[in-house]
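Take a look at the structure set out below.
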Amino acid sequence: MPAIFPRWINSVPIALALGFPAFVATVIGSVWYWASPKFTDAGYQPEQPVPFSHRLHAGEMGLDCRYCHNTVDRAAVAAIPPTKTCMNCHTLVKPDSEKLAPVRESAQTGESIKWSRVHMLPDYAYFDHGPHVAAGVGCNECHGRIDQMDVVEQKKPLSMHWCLECHRDFEPRLRPLDQVTNLGWSGHYDPRSDPNRERPVDELKPPLHCSGCHR
Ligand code: HEC
Ligand code: HEC
Ligand code: HEC
Ligand code: HEC
Ligand code: HEC
């Protein structure tokens, strides 16, 4: 009796089983990518009340990011430094500078400087700096070369697609833990043979499921 279906049909269920998840991922991926209304906010650069320059303080002077953003490796939010941190230096450095007048005023009145927010996710998306920094993701992966900016600008889209792109393939984007705030670092790094990692790479589990980021 002649076969009703050609032979290759037999391999279809296997092809489906293997190919289908990838197919679904691709479809969902492209829908996310293109349907995301704010697929890019990159370029956002609000004006600040004081002309504070990261290029000068973090770049040329080489202050570590954590000198000012001192909660970034243990808390969700990277604290913006209080005026006191600025006055550690500016009681002596340029004490008469016009540009620093709002800083001195803030120190006198105790009222914080009203810095404009640059990076901001919508409320329904959850983000925590702590695990990213602890895993060895450099600040520049998400913020660009802040140490070369006179005025901070959002360089990355911070869209869902963008988050997931790294979560799906994060290993090549890790660096040694002591290089996280060294934004110019570029070197070969094999996280699997690094004895100084807090947690082995296999234990890192960036979420891909919805409730990982929408809690
Ligand atoms: C001397 C203190 C100081 C140092 C050092 C410093 N920052 Fe900042 N940073 C600030 C202040 C003040 C602001 C708020 C004003 C602004 O946006 O420029 C800020 C803002 C930012 C923002 C934008 C925050 C937002 O509203 O979205 C990012 C991102 C940032 N810093 C990253 C870094 C990184 C990365 C480093 C290290 C390379 C660093 N900072 C070093 C003081 C500092
Ligand atoms: C570790 C010391 C240090 C800290 C902390 C520091 N600065 Fe500075 N800042 C300097 C130095 C040094 C200069 C360059 C002075 C010069 O040009 O001679 C400078 C320059 C400036 C200038 C330019 C002043 C001018 O007249 O050209 C501004 C504005 C400024 N800083 C703001 C801040 C703010 C805001 C903070 C806190 C978030 C801060 N700085 C924290 C050391 C510091
Ligand atoms: C994996 C991506 C990622 C990395 C790595 C990262 N950031 Fe952020 N950062 C963000 C996102 C996303 C926001 C906006 C958070 C929000 O709106 O809830 C943000 C916001 C900030 C802010 C504003 C205050 C806040 O927490 O909302 C500062 C300051 C900051 N980052 C500094 C840093 C510094 C310094 C480093 C390196 C030590 C760093 N970031 C590493 C993604 C990242
Ligand atoms: C450059 C790589 C990279 C980018 C970009 C990135 N992540 Fe992650 N993320 C990681 C890694 C690596 C981990 C694993 C940390 C662990 O398991 O300890 C992680 C873990 C997480 C976790 C689980 C840990 C926790 O905080 O509960 C959440 C949630 C998360 N990321 C949210 C986000 C969001 C939201 C964005 C985009 C705004 C983002 N991530 C962008 C690399 C990245
Ligand atoms: C790695 C973190 C992460 C995961 C996992 C994630 N999301 Fe999101 N999602 C985000 C972020 C960040 C935004 C905000 C994007 C923006 O502001 O452009 C967002 C936005 C959204 C939005 C608003 C529309 C849009 O595209 O901006 C919807 C709807 C959404 N997510 C649904 C989902 C669903 C459904 C899943 C699971 C299949 C999921 N998300 C998994 C991070 C994530």
Side-chain angles (χ1 to χ4, degrees), residues 38 40-121 127-159 162-163 166 170 172-189 196 198:
K38 289 181 301 157
T40 173
D41 280 335
Y44 184 52
Q45 186 179 47
E47 214 173 291
Q48 300 292 351
V50 179
F52 172 77
S53 166
H54 280 82
R55 186 186 54 70
L56 174 67
H57 292 83
E60 284 172 31
M61 290 169 54
L63 289 179
D64 190 273
C65 313
R66 288 163 295 195
Y67 177 84
C68 290
H69 305 294
N70 59 4
T71 61
V72 75
D73 43 11
R74 33 197 171 91
V77 174
I80 299 292
T83 302
K84 199 164 86 37
T85 308
C86 313
M87 292 309 274
N88 286 347
C89 293
H90 285 293
T91 36
L92 297 171
V93 179
K94 293 242 171 183
D96 303 320
S97 163
E98 193 51 43
K99 294 177 184 166
L100 283 155
V103 180
R104 289 191 298 271
E105 194 184 303
S106 162
Q108 270 154 23
T109 62
E111 221 173 281
S112 336
I113 302 169
K114 292 191 174 54
W115 302 109
S116 297
R117 207 47 206 263
V118 186
H119 305 79
M120 182 128 78
L121 295 178
F127 178 79
D128 185 336
H129 276 93
H132 290 89
V133 173
V137 181
C139 312
N140 48 305
E141 290 283 349
C142 305
H143 294 300
R145 291 300 299 270
I146 297 272
D147 60 329
Q148 296 177 348
M149 297 179 198
D150 279 315
V151 182
V152 177
E153 178 188 336
Q154 180 173 327
K155 284 290 187 189
K156 308 283 169 150
L158 307 188
S159 63
W162 173 82
C163 308
C166 178
F170 64 94
R173 297 170 65 181
L174 302 180
R175 59 177 66 196
L177 298 185
D178 59 0
Q179 300 297 330
V180 165
T181 58
N182 179 7
L183 308 197
W185 181 86
S186 70
H188 178 72
Y189 177 59
N196 298 322
E198 281 167 36

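One is the number of the first residue; the rest follow in order along the sequence.
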* To do: Scan for ring-ring contact (aromatic ring centres under 6.0 Å, His included) pairs involving residues 87-106, sequence neighbours excluded, and state none if there are none.
  => none
* Structure fact -> Taken to the nearest 0.5 Å, the spacing of Cys166 SG from His132 NE2 works out to 7.0 Å
* Asked: How far apart are the closest heavy atoms of Leu183 and Gly144, and which atoms are they?
  -> CD1-O, 3.8 Å
* Would you give the length of the straight line joining atom CG of Asp96 to atom CD of Glu98, rounded to the nearest 0.5 angstrom? => 10.0 Å
* Write out all pairs satisfying salt bridge (charged side-chain N to carboxylate O under 4.0 Å, His left out) with one or both partners inside residues 138-148, taking only residues at least two apart or from two chains. => Glu141-Arg173, Arg145-Asp147
* Can you list the residues that meet the side chain to side chain contact (heavy atoms under 4.5 Å, CB included) rule with Cys65, with sequence neighbours excluded? -> Cys139, Thr181
* Structure fact -> Applying side chain to side chain donor-acceptor pair (under 3.5 Å) to His143 and not counting sequence neighbours gives His119
* Return the minimal non-hydrogen interatomic distance between Tyr44 and Arg117, and the atom names on each side. => CE2-O, 3.5 Å
* **Non-neighbouring partners of Glu60 that pass side chain to side chain donor-acceptor pair (under 3.5 Å), sequence neighbours left out** => Arg55
* Side chain proximity check, Cys163 to Phe127, heavy atoms < 4.5 angstrom -> no
* To do: For Ala76, check side chain to side chain contact (heavy atoms under 4.5 Å, CB included) against everything at least two apart and list the hits.
  => Asp128
* Shortest non-hydrogen contact from Val151 toward Pro46 -> CG1-O, 4.0 Å
* **OG on Ser53 to CD on Gln148, rounded to 0.5 Å** => 11.0 Å
Donor-acceptor contacts, no H, no angles, side chain residues 99-108, under 3.5 Å, sequence neighbours left out:
from: Arg104; atom 1: NH1; to: Pro95; atom 2: O; distance (Å): 2.8
from: Arg104; atom 1: NH1; to: Ser97; atom 2: O; distance (Å): 3.1
from: Arg104; atom 1: NH2; to: Ser97; atom 2: O; distance (Å): 3.0
from: Ser106; atom 1: OG; to: Thr83; atom 2: OG1; distance (Å): 2.6
from: Ser106; atom 1: OG; to: Glu111; atom 2: O; distance (Å): 2.7

* Partner residues of Thr85 under the side chain to side chain donor-acceptor pair (under 3.5 Å) criterion, sequence neighbours left out -> none
* **Qualifying residues under side chain to side chain donor-acceptor pair (under 3.5 Å), relative to Gln45, sequence neighbours excluded** => none
* Asked: Please, which pairs that meet salt bridge (charged side-chain N to carboxylate O under 4.0 Å, His left out) have at least one residue in residues 178-188, sequence neighbours excluded?
  -> none
* Asked: Any side-chain heavy atom of Met61 sitting closer than 4.5 Å to one from Leu56?
  -> yes
* Looking only at heavy atoms, what is the nearest atom pair of Val118 and Glu153, with distance? -> CG1-C, 4.2 Å
* Asked: Which value, rounded to the nearest 0.5 Å, describes the distance between Gln179 atom CD and Ser186 atom OG?
  -> 10.0 Å
* Asked: Taking only residues two or more places apart in sequence or in another chain, which ones pass side chain to side chain contact (heavy atoms under 4.5 Å, CB included) with Glu47?
  -> none
* To do: Would you confirm whether Glu198, through its side chain, and Ala135, through its main-chain N or O, come within 3.5 Å as a donor-acceptor pair?
  => no
* Asked: Can you name the nearest heavy-atom pair linking Gly136 to Val180, along with the distance?
  -> CA-CG2, 3.8 Å
* State, with a plain yes or no, whether a side-chain heavy atom of Leu121 is found less than 4.5 Å away from one of Leu158. => yes
* Quick one: ring-ring contact (aromatic ring centres under 6.0 Å, His included) pairs with a partner in residues 51-85, sequence neighbours left out? -> Phe52-His54, Phe52-His57
* Quick one: CG on Asn140 to NZ on Lys155, what's the gap to the nearest 0.5 Å? -> 12.5 Å
